[in-house]
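Step one of this worksheet: look at the structure below.
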Protein chains: 2
Amino acid sequence: MEATPHLRETVGCLCLAARRAARAITASFDRGLRAHGLRSTQFTLLAVLALKGEQTIGALATIIGADRTTMTRNVALAARRGLVTVARDEADARSRRVAITPGGRSTLEEAFVTWRTVQHTLTEAMGTAAADGLRRIAKDRLAARSGA
Amino acid sequence: MEATPHLRETVGCLCLAARRAARAITASFDRGLRAHGLRSTQFTLLAVLALKGEQTIGALATIIGADRTTMTRNVALAARRGLVTVARDEADARSRRVAITPGGRSTLEEAFVTWRTVQHTLTEAMGTAAADGLRRIAKDRLAARSGA
DNA sequence: GCTTGATGCGTGTATATACATTCTTGCCAT
DNA sequence: ATGGCAAGAATGTATATACACGCATCAAGC
């Protein structure tokens with residue numbers, strides 16, 4: 001009926017697949033983290049800071065794979081809520097050193113239990129192979145960002 | 001050094017992986033589609049309408065896997081740009097029937113060539129197995145939305 | 001010291017996203 | 001017929017995202 005059979009190729013669009021998957025997965029985590037007053041974005045930020053210690057805005061953007069300007073706003077939000085602190089770097093006045101606060105760490109610890117539950121549920125639902133595949137795509141795509 | 005070795009588990013966070021992958025993949029498509037004045041979101045919307053014919057807002061939300069309120073705004077944007085039309089359903093005045101315009105179809109056709117290139121490039125970069133895995137996750141997660 | 005380019009961030013703007021709520025409309029039982 | 005509930009959509013609000021652009025600062029030369 002449609003005069004555009006070639007468009008059927010777009011049914012397998014990787015962009016739709018990736019965004020759809022991300023929306024669904026994010027929703028699952030957000031629903032769980034909600035009880036702790038966190039969103040997926042904030043949880044990730046806190047986890048990175050807790051694991052790797054204080055970081056600059058740019059470093060966080062690279063690690064999390066988001067735009068630097070996006071990270072500026074995400075960090076500002078977390079700072080406003082007292083989860084992290086932002087301080088000038090004494091060695092380089094251009095840089096901002098972002099660090100997790102004790103309160104942020106407490107929140108993270110509490111949320112971690114919930115996170116783990118959701119993580120396990122989703123891993124089971126999609127299978128470990130798919131989960132590993134997704135992580136690999138995330139890592140590889142990041143590399144391609146600077147390359148091509 | 002850190003007193004939180006258990007948090008290392010979050011390195012494999014599926015939410016971070018999914019969002020990071022989606023951001024990177026979206027960026028690739030957006031860069032390509034830019035020449036046609038489209039974003040990934042709009043491209044997907046047009047492709048669905050071209051393939052499946054006119055749809056209601058709610059149907060589009062289900063198909064694309066986004067919130068209905070998000071779809072309302074995405075459709076409004078496309079309508080403002082003349083890519084789609086929004087009309088009341090004569091059978092049910094609550095519904096809105098969204099249809100692609102001739103202009104929208106032309107834009108889609110032009111953008112399709114670019115889309116195909118990016119799609120192939122990314123498929124090669126991540127491998128067909130990973131691409132299929134991603135699509136499967138997107139489909140499965142969607143099902144889980146209504147179920148649990 | 002000053003210029004020049006590079007680097008790290010922040011802002012303006014536009015879109016994308018979703019939850020809570022409200023509005024409109026349809027439907028159904030009484 | 002109508003009152004109440006359900007369904008479809010729009011709006012208010014907050015966050016997430018990125019590009020274009022500008023500002024501050026540093027590093028290298030000179």
Side-chain angles (χ1 to χ4, degrees), chain A residues 15-16 18-35 37-45 55-62 64-81 83 86-98 145, chain B residues 15-16 18-35 37-45 55-62 64-81 83 86-98 145:
Chain A
C15 194
L16 172 56
R19 293 169 73 79
R20 195 175 180 170
R23 277 191 296 255
I25 292 174
T26 298
S28 292
F29 280 101
D30 278 354
R31 277 197 294 271
L33 294 174
R34 186 158 204 160
L38 286 181
R39 296 248 205 137
S40 297
T41 312
Q42 304 277 312
F43 178 86
T44 299
L45 174 60
Q55 301 283 332
T56 65
I57 302 276
L60 285 172
T62 301
I64 294 176
D67 191 87
R68 191 182 43 72
T69 66
T70 298
M71 197 50 59
T72 292
R73 320 216 189 209
N74 287 350
V75 166
L77 260 180
R80 203 179 313 159
R81 302 186 48 194
L83 300 170
V86 184
R88 293 193 105 83
D89 188 328
E90 300 183 359
D92 187 340
R94 292 171 303 181
S95 295
R96 299 279 183 278
R97 303 201 66 84
V98 185
R145 253 178 112 78
Chain B
C15 193
L16 172 57
R19 291 169 74 79
R20 196 175 180 170
R23 278 192 294 257
I25 291 173
T26 298
S28 292
F29 280 101
D30 279 353
R31 277 197 295 271
L33 295 174
R34 187 159 204 159
L38 287 181
R39 296 244 203 142
S40 298
T41 312
Q42 304 277 311
F43 178 86
T44 299
L45 175 60
Q55 301 285 331
T56 64
I57 302 276
L60 285 172
T62 301
I64 294 176
D67 192 87
R68 202 179 52 258
T69 66
T70 299
M71 198 49 60
T72 293
R73 320 217 189 210
N74 288 349
V75 166
L77 260 179
R80 203 179 312 157
R81 301 185 48 192
L83 301 169
V86 184
R88 292 193 105 84
D89 188 327
E90 300 183 0
D92 187 340
R94 293 172 301 181
S95 296
R96 299 279 184 278
R97 303 201 66 84
V98 186
R145 253 179 111 80

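To find a chain, count down the sequence lines: A is the first, B the second, and so on, and within it residues start at 1.
Taking atom CG on A:L77 and atom C1' on D:dT17, their separation rounds to 13 Å, with Å as the unit. Counting to the nearest Å, the C1' atom of D:dT25 and the CZ atom of A:R97 are 16 Å from each other. Whole-Å rounding puts the A:R20 CZ to C:dT17 P distance at 13 Å. Counting to the nearest Å, the P atom of D:dT11 and the CD1 atom of B:I57 are 11 Å from each other. Remark: P of D:dC19 and CZ of B:R23 are 12 Å apart, rounded to the nearest angstrom. If you measure from atom CZ of A:F29 to atom C1' of C:dT17, you get 18 Å, rounded to the nearest angstrom. The distance from atom CZ of B:R39 to atom C1' of C:dA14 is 7 Å, rounded to the nearest whole Å. Atom C1' of nucleotide D:dT17 and atom CG of B:L16 are separated by 15 Å, given to the nearest angstrom.
When the side-chain nitrogen and oxygen atoms of A:N74 are compared with OP1 and OP2 of D:dT15, none of them lie within a distance under 4.0 Å. Between A:R96 and the phosphate of C:dG8, there is no side-chain N or O to OP1/OP2 separation shorter than 4.0 Å. An OP1 or OP2 oxygen of D:dT15 is reached within less than 4.0 angstrom by no side-chain nitrogen or oxygen of A:Q42.
Taking CZ of A:R96 as the reference point, atom CG of A:L60 lies at 13.5 Å (rounded to 0.5 Å). Considering CG of B:D30 and CD1 of B:I25, their distance stands at 12.0 Å, rounded to 0.5 Å.
Counting non-hydrogen atoms under 4.0 angstrom, B:D30 reaches nothing in the nucleic acid. B:T26 comes within 4.0 angstrom of no nucleic acid atom, judged by non-hydrogen atoms across all strands. Within 4.0 Å (heavy atoms only), B:D89 reaches no atom of the nucleic acid at all.
Take B:A78 and apply the side-chain contact (heavy atoms from CB on, under 4.5 Å) test, not counting sequence neighbours, and it matches B:Q42, B:L45, B:L83, B:V84. Residues forming a side chain to side chain donor-acceptor pair (under 3.5 Å) with A:T72 (at least two apart in sequence, or on another chain): none. Not a single side chain to side chain donor-acceptor pair (under 3.5 Å) links A:T70 to another residue, sequence neighbours left out. Scored by the side-chain contact (heavy atoms from CB on, under 4.5 Å) test, A:R68 finds A:I57, A:A61 as partners (sequence neighbours excluded).
Taking the C1' atoms of five terminal pairs at each end of the helix from C:dG1-D:dC30 to C:dT30-D:dA1, the two resulting helix axes are inclined by 10°, rounded to 10°.
Residues B:V98 and B:Q55 fail the side-chain proximity criterion, which asks for heavy atoms closer than 4.5 Å.
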Given the rule in the side chain to side chain contact (heavy atoms under 4.5 Å, CB included) test, do B:R19 and A:T41 qualify, once you have shown the distances and angles that lead to the verdict?
CA-CA 9 Å; B:R19 291 169 74 79; A:T41 312; 3.3 Å; yes
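B:D89 places no side-chain N or O within donor-acceptor distance of the main-chain N or O of B:R97, the cut-off being under 3.5 Å. The closest donor-acceptor contact from the side chain of A:R23 to the backbone of B:G65 lies under 3.5 Å.
Comparing C:dT17, C:dG10, D:dA16 by their nearest atom to the side chain of A:T72 picks out C:dG10. Out of C:dG26, C:dC9, D:dA16, the shortest distance to the side chain of A:T41 is found at D:dA16. Side chain of B:S95, nearest nucleotide from C:dA16, D:dA9, D:dC26: D:dA9.
Positionally, the nearest nucleotide of DNA chain D for A:R81 lies more toward the 5' end than for the other of A:R81 and A:E90. Checking A:G58 against B:A91, the closest nucleotide of DNA chain C that is more toward the 5' end is the one next to A:G58.
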All N/O contacts under 3.5 Å from nucleotides 20-24 of chain D to the protein, with atom names and distances to one decimal?
| from | atom 1 | to | atom 2 | distance (Å) |
| --- | --- | --- | --- | --- |
| D:dA20 | OP1 | B:R34 | NH2 | 3.3 |

